Novice: 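I have a structure here, written as structure tokens, and I will follow up with some questions on it.
If you're wondering where the values come from, they're calculated on a predicted model, not measured in any experiment. We use all heavy atoms of the structure for the numbers below, so side chains are in, but hydrogens, waters and symmetry mates are not.
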Amino acid sequence: MSTPTPRPSVLFVCVHNAGRSQMGAAFLSHLAGDRVEVRSAGSAPAGTVNPAVVEAMKEVGIDISAETPKILTTDAVRSSDVVITMGCGDTCPVFPGKRYLDWRLPDPAGQGGEAVRPIRDETERRVRALLADLAVAPTA
């Protein structure tokens with residue numbers, strides 16, 4: 001009897017947890033299902049997810065309207081295998097042995113759909129590359 005492989009855990013972090021990190025987490029959850037543990041958080045969370053981001057994700061069949069921005073905790077970082085920062089600067093705690101990736105993507109805050117779509121599409125491209133790197137085949 002083989003032992004199950006532990007599923008990797010990924011944390012997406014941006015300042016407000018209202019745009020980029022929400023898109024990254026939504027794409028990873030959508031593409032990996034329950035084979036990857038997915039979290040997102042922000043160093044200074046907004047009150048709601050950016051409506052232009054919700055709309056842009058809805059255009060590709062992913063509903064994030066029920067998501068709410070969450071505060072970044074050291075426990076969330078500590079319990080993640082991969083931490084993807086998206087413009088949170090030095091506010092993200094660094095722990096030895098964690099893999100950190102910094103995805104420099106434009107901030108969708110205050111932007112309309114035309115500006116958000118390219119950010120969404122690049123986020124999906126990077127999430128698909130991450131899945132390949134984690135050796136997890138996308139479900140969709």
Side-chain angles (χ1 to χ4, degrees):
M1 192 162 156
S2 66
T3 13
T5 311
R7 64 185 182 144
S9 58
V10 177
L11 171 65
F12 292 89
V13 182
C14 67
V15 175
H16 298 117
N17 189 222
R20 294 166 289 186
S21 56
Q22 290 285 348
M23 287 190 285
F27 273 122
L28 186 55
S29 293
H30 179 73
L31 294 168
D34 62 358
R35 294 171 299 148
V36 176
E37 187 176 351
V38 181
R39 299 180 189 87
S40 72
S43 52
T48 60
V49 175
N50 179 331
V53 168
V54 171
E55 190 57 39
M57 293 301 288
K58 194 177 291 179
E59 291 172 4
V60 295
I62 301 174
D63 182 5
I64 62 169
S65 60
E67 296 297 326
T68 55
K70 294 167 265 327
I71 186 74
L72 176 65
T73 65
T74 53
D75 284 344
V77 176
R78 191 177 288 119
S79 60
S80 298
D81 299 312
V82 180
V83 178
I84 299 172
T85 57
M86 303 166 131
C88 68
D90 297 331
T91 61
C92 188
V94 176
F95 292 100
K98 300 289 171 199
R99 180 174 169 203
Y100 290 87
L101 301 172
D102 186 30
W103 290 1
R104 296 183 186 273
L105 294 164
D107 189 348
Q111 303 290 325
E114 289 302 312
V116 172
R117 283 183 200 102
I119 302 166
R120 174 201 65 201
D121 296 345
E122 178 60 16
T123 301
E124 180 181 12
R125 187 193 69 71
R126 292 181 187 206
V127 166
R128 286 182 180 277
L130 175 67
L131 280 171
D133 194 47
L134 294 173
V136 175
T139 56

Novice: To the nearest 0.5 Å, how far apart are CD in Gln111 and CD1 in Ile119?
Specialist: 6.5 Å

Novice: Determine the minimum heavy-atom distance between Ala41 and Leu72, stating which atoms define it.
Specialist: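 Reported closest heavy-atom pair: CB-CA, 3.6 Å.
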
Novice: Can you check whether Phe12 reaches Val83 side chain to side chain, under 4.5 Å on heavy atoms?
Specialist: no

Novice: Would you mind reporting whether Pro69 and His16 have side-chain heavy atoms less than 4.5 Å apart?
Specialist: no

Novice: Would you name the heavy atoms of Ala18 and Ser21 that are closest together and state the gap between them?
Specialist: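 For Ala18 versus Ser21, the nearest heavy atoms are N-OG, 4.5 Å.
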
Novice: Please find the pair of heavy atoms, one from Arg126 and one from Arg104, that lie closest to each other, and give the distance.
Specialist: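 Result for this residue pair: NH1-N, 3.5 Å.
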
Novice: So do the side chains of Asp133 and Arg99 get within less than 4.5 Å of each other, counting heavy atoms only?
Specialist: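 Asp133 reaches Arg99 side chain to side chain.
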
Novice: Just checking, any donor-acceptor pair under 3.5 angstrom between side chains of Arg39 and Ser80?
Specialist: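 There is such a pair (donor and acceptor under 3.5 Å, judged by atom type) between the side chains of Arg39 and Ser80.
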
Novice: Could you give the distance from CD1 (Ile62) to OG (Ser29), rounded to the nearest 0.5 Å?
Specialist: 9.0 Å

Novice: How many angstroms lie between OG1 in Thr48 and CG in Asn17, if you round to the nearest 0.5 Å?
Specialist: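 Thr48 OG1 to Asn17 CG: 11.0 Å, rounded to 0.5 Å.
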
Novice: Between Thr85 and Leu101, is there a side-chain heavy-atom distance shorter than 4.5 Å?
Specialist: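 Not in contact.
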
Novice: Can you tell me how far the CD1 atom of Ile64 sits from the NZ atom of Lys58, to the nearest 0.5 Å?
Specialist: 9.5 Å

Novice: Is it true that Thr73 and Asp75 share a donor-acceptor pair across their side chains at a distance under 3.5 Å?
Specialist: no

Novice: Between Arg35 and Ala32, is there a donor-acceptor pair closer than 3.5 Å when you use the side chain of the first and the backbone of the second?
Specialist: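 Confirmed, Arg35 side chain pairs with Ala32 backbone.
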
Novice: Contact between Val10 and Asp81 at the side-chain level, heavy atoms closer than 4.5 Å - yes or no?
Specialist: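 Side chain of Val10 against side chain of Asp81, heavy atoms only: no contact under 4.5 Å found.
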
Novice: Mind checking whether Leu105 and Thr123 have side chains closer than 4.5 Å, heavy atoms only?
Specialist: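 When only atoms from C-beta onward are counted, Thr123 and Leu105 do touch, with a gap below 4.5 Å.
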
Novice: Do you know the tightest heavy-atom contact between Lys98 and Val77?
Specialist: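 Minimum heavy-atom contact is CE-O, 3.6 Å.
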
Novice: How about Val53 and Met23: do any of their side-chain heavy atoms sit closer than 4.5 Å?
Specialist: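 Sidechains of Met23 and Val53: in contact.
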
Novice: Is there side-chain contact between Val82 and Leu11, with heavy atoms separated by less than 4.5 Å?
Specialist: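 No, their side chains stay 4.5 Å or more apart.
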
Novice: How close do Met57 and Arg120 get, heavy atom to heavy atom, and via which atoms?
Specialist: SD-CG, 3.8 Å

Novice: Where is the tightest heavy-atom contact between Asn50 and Pro108, given as atom of each residue plus distance?
Specialist: ND2-O, 3.1 Å

